[in-house]
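The next block holds one structure in the form of structure tokens; read it before the comments.
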Amino acid sequence: MYRTHTCGELNIEHIGEYITLSGWVQKSRDLGGMTFLDLRDRYGITQLVFDMETRPELCEQARKLGREYVIRVQGLVVERSNKNLKIPTGEIEIETSNMEVLSSSDLPPFTIEEKTDGGEELRMKYRYLDLRRRPLQENLFLRHKMAQEVRKFLDGKDFIEIETPYLIKSTPEGARDFVVPSRMNQGQFYALPQSPQTFKQLLMISGYDRYFQLVKCFRDEDLRADRQPEFTQIDCEMSFVEQEDVLNMFEGMCKHLFRNVKEIQLTDDFPRMPYDEAMRDYGTDKPDLRFGMKLKEITSLVQGKGFRVFDQVEYIGGISVSSCAGYSRKQLDQLTEFVTQPQVGAKGLVYLKINEDGSFKSSVDRFFNDENFHQWKKVLEAKEGDLLLILAGSRRDTLFALSELRLEMGKRLDLRNSKEFIPLWVIDFPLLEWDEDKSRFTAMHHPFTSAKSEDIKWLDSDPGRVRANAYDLVINGVEIGGGSIRIHTKKEQEQMFRHLGFTNEEAEAQFGFLMNAFKYGAPPHGGIAFGFDRLVALFGGSESIRDYIAFPKNNSGRDVMIDSPSAISEEQLKELNLRAR
RNA sequence: GGUCACGUAGUUCAGUUGGUUAGAAUGCCGGCCUGUCACGCCGGAGGUCGCGAGUUCGAGUCUCGUCGUGACCGCCA
């Protein structure tokens, strides 16, 4: 037998028991006359003690063990004379009487402890060693727990988990596809799914009513801290539902997760905010509601006063930063630098300090008087001691820059507490958005999303004005999930494809199967998909999803551990009738 | 496709205006130590300063290129 117990469970109750443990040597402390050794497995750490007086040979042997050796020991559980109350097993230790090396180990390239000395790159190369560390294990335990709770909740609501294929058909809409050459059908390719969208809709037509799947999805786009080329979604679809039904169901799922995983009770209904309001007040479709600092437009207020920068632009707006009127020249310069960096893209920054005594100090004193500034103060809902930060430019770019500035100030003022969770449904998204490069409208969500019935009348005359039955769940400024009520008639789907610039032939070739299925009794349906990796990272208090994925890819989409992607052999290429250029 | 940052001992980092023999911590090896748990003390080994060119009397340091890593923009229906 390798073990009677794990390294995390022995305590004062087990004193006097003769036990067997197996695990990894984390660290040894050789005091000469005696040696202490920390034995680790995924459950915890138990201290082994070897005494030179009672068992000299065994103690000698223990002193020679290196880090990460795998050993099995037998011994007696005894109470420590010096207890370590920092760890659960700290009141006991094992008086070892037998020890056997099961596997030796080279010296690991970084220390495998709670806090490692290893850098990102090295840890990725030796991911299997990094995964031995407690923090990484806790992340994967959290992921497991959340997956189980999702299944528990959805199963309880009569959802059934159905697997959909990974080898499917490439379509030009949306992200780039990963493609897989077919050997049996030379010159043809499968694509890996960006999402199981059409399959789950077909399942609704098949009458399964409530479907879900924890499913890998694939997108061949550049990576970010919160984006991997393969990622996991909680993919869901329901029949005979309206938007409210979907929102309520999955608000329930989120509350279930918060309650059962984080022990956080979210009792209030999640607020709902139309897309237009989110853009107006926060400059983004995923506002972080952990703090206020709403964007306010002051265009009409400030134009025509002779300040050319303001007079020549479409939009002028700002935020009021509480109690920051005391910002120094240097701090304001830093903020200017922040907003003018290419990623934010503002041309400059105008500030107005509202001093505690009610006086004003601004970078545009020459053009505006105190009466003007009083108006700014009023519109921006500012008070004495606040700092107003104003940006100007095109509406779209300036809202974006203000949104970035707002988040930056939230960060500087420590208003983005990772232990606090503020959910939000963003609703009433536009159905279509104009794509400059393609010179046509594209679906903002996806081409299967239905339009609001009251807006359909503008579909031909003013397509950009049509709102969709589409919604996103945003938590703390992170887009956690999104979905829509789908089109379920052939006619409407054909109309949509037409608006997206598909010819009838293209629509037929790519989505004929779906429109055909619509002919045979398609129920009204809708659904949602959650980014599972992001959700886990959010629960774990991190912005990067990499630490919540066992074997993630690096910034360039490489797995540096297995060194992939890699070239394939001539023989493989020949079989596929392909040539690498 | 683009912007920025980083690359020095096994590891994490420091390295001044371009100037003598490139340092620290930690890890590792050896010795001492019977209550450690960040053990302690003494000693030791360990470097193609990512790679390539250039400037210079002289380059870890400056310039250009290149590779790698990270963050971001574009992109992500």
Side-chain angles (χ1 to χ4, degrees), chain A residues 26-39 45-54 56 59 63-64 66-67 78-87 89-91 93 106-126 171-177 193-195 197-198 217-229 231 337-338 341-345 397 400-401 404 429 431-433 435-438 441-449 468 470 479 482 484 496-497 500 502 510-511 529 531 543-544 546 554-556 558 560:
Chain A
Q26 168 135 328
K27 203 173 197 181
S28 65
R29 290 175 293 278
D30 180 359
L31 271 62
M34 64 196 315
T35 290
F36 297 100
L37 201 144
D38 290 338
L39 191 67
I45 289 176
T46 296
Q47 176 167 284
L48 312 177
V49 60
F50 298 86
D51 195 318
M52 204 49 129
E53 227 161 62
T54 53
C59 194
R63 296 167 79 159
K64 292 202 183 74
R67 283 170 188 268
V78 297
E79 187 168 7
R80 290 196 199 182
S81 57
N82 266 0
K83 293 184 180 175
N84 179 358
L85 298 176
K86 280 185 269 181
I87 61 171
T89 61
E91 290 192 276
E93 64 195 356
D106 282 2
L107 185 71
F110 50 87
T111 56
I112 300 174
E113 290 168 34
E114 187 85 17
K115 268 185 110 56
T116 181
D117 62 357
E120 190 80 18
E121 200 176 339
L122 197 65
R123 281 158 49 211
M124 280 300 172
K125 185 168 179 193
Y126 296 92
T171 55
E173 288 287 296
R176 285 187 199 90
D177 284 320
Q194 297 175 27
S195 97
Q197 181 60 34
T198 51
C217 299
F218 305 86
R219 292 178 190 173
D220 187 7
E221 297 292 346
D222 285 8
L223 291 83
R224 292 282 189 281
D226 63 350
R227 263 162 44 188
Q228 286 272 304
F231 60 101
E337 207 171 301
F338 174 83
Q341 64 177 311
Q343 288 91 329
V344 177
D397 295 350
F400 172 79
E404 292 295 310
F429 276 84
L431 182 67
L432 303 164
E433 66 186 334
D435 186 322
E436 285 294 339
D437 294 338
K438 297 187 182 123
F441 280 98
T442 58
M444 191 152 186
H445 185 52
H446 57 50
F448 315 107
T449 299
E479 185 194 325
S484 62
M496 175 60 66
F497 282 133
L500 295 174
F502 283 68
Q510 284 165 29
F511 298 108
E543 290 185 9
S544 168
R546 277 186 208 166
N554 77 5
N555 227 13
S556 333
R558 299 199 66 85
V560 293

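Letters go in sequence order (proteins before strands), and every chain restarts at 1.
Using a 4.0 Å heavy-atom criterion, one finds that Ser195(A) contacts the bases of the nucleic acid, with or without backbone contacts as well. Backbone-only contact: Met444(A) has heavy atoms under 4.0 Å from sugar-phosphate atoms and none from a base. Across all strands, Arg546(A) comes closer than 4.0 Å only to sugar-phosphate atoms, never to a base (heavy-atom distances).
When both distances must be under 3.5 Å, the Watson-Crick or G-U wobble mate of U3(B) is A71(B). Under the Watson-Crick or G-U wobble criterion, with both distances below 3.5 Å, G58(B) has no partner in any strand shown. Using N1 to N3 plus N6-O4 or O6-N4 for Watson-Crick, or N1-O2 and O6-N3 for G-U wobble, each under 3.5 Å, C64(B) pairs with G52(B). Pairing partner, A45(B): none, since no Watson-Crick or wobble contact has both distances short of 3.5 Å. If you check A24(B) for Watson-Crick or wobble pairing at under 3.5 angstrom, you find it paired to U12(B).
When the shell of 6.0 Å around CD of Glu337(A) is examined, it contains 12 or fewer heavy atoms from other residues, nucleotides or ligands. Residue Glu543(A) places its CD atom among 12 or fewer non-hydrogen atoms of other residues, nucleotides or ligands, all under 6.0 Å distant.
One can place CG of Asp435(A) at 13 Å from P of G74(B), the figure rounded to the nearest angstrom. Straight-line distance from the CG atom of Asn555(A) to the C1' atom of G2(B): 14 Å, rounded to whole Å. The distance from atom NZ of Lys115(A) to atom P of U26(B) is 17 Å, rounded to the nearest whole Å. Atom C1' of nucleotide C28(B) and atom CD of Glu113(A) are separated by 14 Å, given to the nearest angstrom. Rounded to an integer number of Å, the gap from CG of Asn554(A) to C1' of A71(B) is 13 Å. In this structure, the NZ atom of Lys438(A) is 10 Å from the C1' atom of C75(B), given to the nearest Å. If you take CZ of Phe338(A) and C1' of U3(B), they are 15 Å apart, rounded to a whole angstrom. What separates CG of Asp437(A) from P of C76(B) is a distance of 9 Å, to the nearest Å.
Closest of all the heavy-atom pairs between Leu122(A) and Pro109(A) is CD2-O, 3.7 Å.
The base of G74(B) sits within donor-acceptor range of the side chain of Arg224(A), with an N or O pair under 3.5 Å. Between the base of C75(B) and the side chain of Arg219(A) there is no donor-acceptor pair shorter than 3.5 Å.
Looking at heavy atoms from C-beta onward, Met124(A) lies in side-chain contact with Arg546(A) at the 4.5 angstrom threshold. Proximity of Glu121(A) to Val560(A): side-chain heavy atoms (C-beta onward) are nowhere separated by under 4.5 Å. Proximity of Thr449(A) to Met496(A): side-chain heavy atoms (C-beta onward) are nowhere separated by under 4.5 Å.
Under the salt bridge (Lys or Arg N to Asp or Glu O under 4.0 Å) criterion, Arg67(A) pairs with Glu113(A), sequence neighbours left out.
Below 30°, between 30° and 60°, or above 60°: for Phe502(A) and Phe511(A) the angle between ring planes is between 30° and 60°, a tilted geometry.
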Using nucleotides 7-15 of chain B, report all nitrogen or oxygen pairs with the protein that are shorter than 3.5 Å.
unit_1	atom_1	unit_2	atom_2	d
G10(B)	N2	Asp117(A)	OD2	3.4
U11(B)	O2'	Asp117(A)	O	2.5
U11(B)	O2'	Asp117(A)	OD1	3.4
U12(B)	OP1	Gly119(A)	N	3.1
U12(B)	O4'	Asp117(A)	O	3.2

| Tell me, for nucleotides 32-38 of chain B in 5' to 3' order, what letter each nucleotide earns: B for a base near a protein heavy atom under 4.0 Å, S for only sugar-phosphate near one, - for neither? | -BBBBBS
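The pair Asp222(A)-Arg227(A) does not meet the salt-bridge criterion, since no charged nitrogen lies less than 4.0 angstrom from a carboxylate oxygen.
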